[in-house]
Amino acid sequence: MELILAIASGVLFGTGFYLMLRRRLAQLIIGLGLLSNGANLLIFTAGGLTRARAPVIAEDASLLVRPFADPVPQALVLTAIVIGFGVLAFSLVLAHGIHTMAGTDDIDEIRSGGG
Amino acid sequence: MTTTTSLILRTGARVLMPLLLLFGVFLLLRGHNAPGGGFAGGLVVAAAYILHFFAFGLDAARRALLTRPERLIGSGLLLAVGSGILPALFGRPFLTSLWFDPARGIGTPMLFDLGVFLVVIGVVLIMTFTLAEE
Amino acid sequence: MLPLLVLSPYLLIPAAFWLGGRSVRVAGLLALWPAALTLYFGLMLRSVAVSGPIEASLSWAASIGIDLSFYADGLSLLFAVVVAGIGALIVLYGSRYFGSQPGAGRFQATLFAFMGSMLGLVLADNLFLLFIFWELTGFTSFLLIGFEHERPEARASAVQALVVTGLGGLGLLAAAVLIEQSTGAAALSSLLGLGLNLANGEFYPAIVVLLLLAAFTKSAQTPFHFWLPNAMTAPTPVSAYLHSATMVKAGIYLVARATPFAGATPLWTGLITGVGAITMIVGAWRAVAETDLKRMLAYSTVSALGLMMMLLGVGTEKAVMAALVYLFAHACYKGALFLVAGTLEHETGTRDITGLGGLRHAMPAAALAAALAACSMAGLPLFLGFLGKELLYESLLAWPATLLIGAIAASALLGTAGLIAGVSPFVGPPRGGAPEHRVPAGLTVPALVLAFLGLFAGIVPGSVELPAGLASGGILRRPVDASLSMWHGFTPVLGLSMATLALVALLYAYRDSLRRRIWPRSLGSERLYTATERGLDALSAWAAPRLQSASLRSYLLVLVTTAGVLIFATLVFEGLPGWPAVMDIQPHEACAAILIVAGAISAVRAKSSISAVLSLGVSGYGVALTYLFFGAPDLAMTQFSVETLTAVIFVLVFYHFRDFGSLSPWTDRLRGATVSVLFGGSIAVVLLFVGANLTPFRLANYFAEMGLPMAHGRNIVNVILVDFRALDTMGEITVLATAAFGVRALMHISRKERKNG
């Protein structure tokens, strides 16, 4: 299963990166979204996969019984998901502002001061 | 927007809204012992208001919130920082947890999670409302 | 008590700012505190003489072993007395000099900041603490040189001084690190107390070179001396205080301080003596060539600093005594001359020596102070300067004659400069606009005090014996015979002194033709500095547009290609990762993976924005399902909600970006695709590599065991977020809040733009 998830996160990175190299602002942002999902998946998979229980202590126990999923990468990824959302929304608004000011969504045209 | 939304959406939203709100708070409260917590709960509550906005329009959603999302962010951050300062008043390091009733999970971590919950609601709603004003 | 008193000038900064901006009389009251400190340090000097050095510390950054620890012995207290005592006079003088001009408060506040830093520098025990204060003096000096920041040349000089002395400061930091590495001690008290000598340890040559780089830049030794004359753009009270009496002597202090544990080797002695001697000559030479009163005094300060440096290098008992007596004498006469120069400029509006003359009737008190100071500088008997020069010649008698000849020449030139600065403005036919009113006492009393101190200490040499003897005993690590006296009988040294005086009289008489004939005028070290500066500017002007093309695409390509090359290089050297311990693949998990991949690919191929957003969402749901299947319900829940909200937000904005077709030519797309495939491939390989080399989780075990007993929570992920690592989460929600307010602000701006445009 690691193999498949490695390929999946490779695909997310590759496609995200490809879109970020395009000239449209919107493509750049979609690419950013794919890339951040890819990064989260990367961390999650790199932390070690297990089909076992979630890291939640059962009602009748006082500590986690093996096997359990590693909670540390989960905590990292959880905050990263929400931050990723904030970054995405922020760049979306930034792109929107640039678009309305420059009158175009072509990054090359914006850079050369056109529009 | 209000005029174009369908009756089904509006009826659905009216029923779903309180349920989603309750679910969000439920996620927050059980978060310490089972899957959930401030982040997930906050997102669900924010989603509830966004649904309301789609069904009844921006003004209605703002009214339903009862306060401005900026205030939610501010009070959430204050709660989180306050839950850190409280132990400092008892001579403990910043953000050390203090428990009043561990069995029911009442202590500063709960306050902290509540702060996270409020911030997340405020952030999502500011972003949505601002973009919706366009 | 000691730490608090050392830092007390810092505490007075707000008061200095407030009072300094009020009336002159009130501002003068500020001088009471440094005066009290002078008394305190003076009394402490007496008790140190009896009972040995005092140590005191306040807890500060205990975790890295740096406390506010201070060490007071004869040497540091001698400096502390000078810093606080002259500081009191300067505060008084400054209050009158600035009057009620705007900026008076800023001046006093910065002055107090400097005073605190300088006291900290000379009293610090820990080398790293010393470094911090060292840099703080440099920084406050920067502020004061650039005090009149409207003038471009003031700004340029301030930056130049900061760069040159900052370079030395880095040397000091590096030396401190090396000293701690080789001895295990960073406190002066232990370095001195253990009687260590670094010469036998590691890194010795590097330590010496770095320490001396710091000392030479700070004390304006050739070839770093050029910043000091340029620093004369500072208000004159600053020049008198920082750039003649105190800060520039920090290098002397450092060398004296380090001599017991770093000195007494040919490298140390040779460098210090050589550089000091050259500086002594160069400074004196340039001093008589100047016509600007302050620059002339600055060059003579450079020369005097070189002289003290050379004496410390010579390092015999007499030489060290000579250096310390000279230090005290120089602080008195040079301080007085600077203050008089400031008064002259303040009252006549010029400081060009050729435009000043005959002012003795207009400002008699200033003329008296200047004359007394000039006599001490020229080394007339009865003055402290004479004692210093006698000791200087005596200590050089046994050394090669070149040093002695150099010292005589420099002394003669310095004496001449002293007479030009202190006597020529007041004698002869009146020139320069004489002031119509009496010169206020605040501008003359401090100079008179300093000038009379030089005379008093010369007549009663016992007054400097104790501190100078104590300090030189500290430098040489043995009791020193500190008895000083004016009269030694008819000795060769007396003959040399008299010869010097005759030379001074001769040079002074022919001063104008001397000034015209002097050659060479510059050694070119400042030109070298400027050339280096220009070169660096040109380099960055050349490199910046090439490295910063302001194109996201080229940044990304460079970044990713570099990362890819590094990854593949690692794979080539380390070999491919072992095939992963493939867990069997369940159909529902495969479905999630297919969702991810299909969504991502369809986002790339999308022709309309709405389908791209939906594809992103599908791919995100696939990720959420994966989280769910592998024991992370919290993540799954969050990912589902975030994915939904993202789609909502995109929909709100994306009708602006309806068109989604490609703009780039196919060659660009091919290049992008190639790099992307390589990038995605290398990420996948890295992930496999990590998976094959996974270490069992130790952190997880800790959290799993402590979750319930310590944090009373059963959901370990949530416990980590709100308890164990709550500080990180707090940072995170702050970032979120910032992003939200950023969104609001951006929208506000673009809405305004649209209304205007």
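Throughout, protein chains are lettered first and strands after them, A, B, ... in sequence-line order, and every chain is numbered starting at 1. The figures that follow rest on heavy atoms only: side chains count, while hydrogens, waters and symmetry mates do not.
- Contacts between B:Val119 and chain C at a heavy-atom distance below 4.5 Å involve the side chain alone, from C-beta outward.
- Most heavy-atom pairs under 4.5 Å with chain C, from the set B:Gly84, B:Ala132, B:Gly31: that is B:Gly31.
- Neither the backbone nor the side chain of C:Ser750 comes within less than 4.5 Å of any heavy atom in chain B.
- Interface residue B:Leu27: only side-chain heavy atoms are found under 4.5 Å from chain C.
- Remark: B:Thr128 OG1 to C:Ile649 CD1 distance equals 4.5 Å, nearest 0.5 Å.
- A 4.5 Å side-chain heavy-atom check between B:Phe54 and C:Val651 finds every atom pair outside the cut-off.
- Looking only at side-chain heavy atoms (C-beta outward), C:Leu645 and B:Met127 stay at 4.5 Å or farther from each other.
- Both the backbone and the side chain of B:Ala80 come within contact range of chain C, each with at least one heavy atom under 4.5 Å from a heavy atom of that chain.
- Contacts between C:Phe640 and chain B at a heavy-atom distance below 4.5 Å are absent for every atom of the residue.
- For a heavy-atom cut-off of 4.5 Å, chain B lies close to no residue in residues 590-625 of chain C.
- Remark: the backbone N or O of B:Pro35 is not paired with any side-chain donor or acceptor of C:Asp634 at under 3.5 angstrom.
- The minimum heavy-atom distance between C:Thr638 and B:Leu43, with the atom names listed, is CG2-CD1, 3.6 Å.
- Legend: ring-ring contact (aromatic ring centres under 6.0 Å, His included) pairs involving residues 111-134 of chain B, not counting sequence neighbours: none detected.
- No more than 12 heavy atoms of other residues, nucleotides or ligands lie within 6.0 Å of CZ in B:Phe90, so this atom counts as exposed by the packing criterion.
- Heavy atoms of C:Ala636 lying under 4.5 Å from chain B are absent altogether.
- For the set C:Gln639, C:Met730, C:Glu732, the entry with the most heavy-atom pairs within less than 4.5 Å of chain B is C:Met730.
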- Take C:His748 and B:Thr130, measure what side-chain contact (heavy atoms from CB on, under 4.5 Å) needs, and give me the verdict at the end. CA-CA 9 Å; C:His748 187 70; B:Thr130 313; over 6 Å; no
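- By the neighbour-count criterion of 12 heavy atoms within 6.0 Å, atom CG of B:Leu19 is densely surrounded, having more than that number from other residues, nucleotides or ligands.
- Contacts with chain B (heavy atom to heavy atom, under 4.5 Å) involve these residues of residues 709-725 of chain C, listed by number: C:Met710, C:Ala711, C:His712, C:Gly713, C:Arg714, C:Asn715, C:Asn718, C:Val719, C:Leu721, C:Val722, C:Asp723.
- For residues 58-79 of chain B, heavy-atom neighbours of chain C at less than 4.5 Å comprise B:Glu70, B:Ile73, B:Leu77, sorted by residue number.
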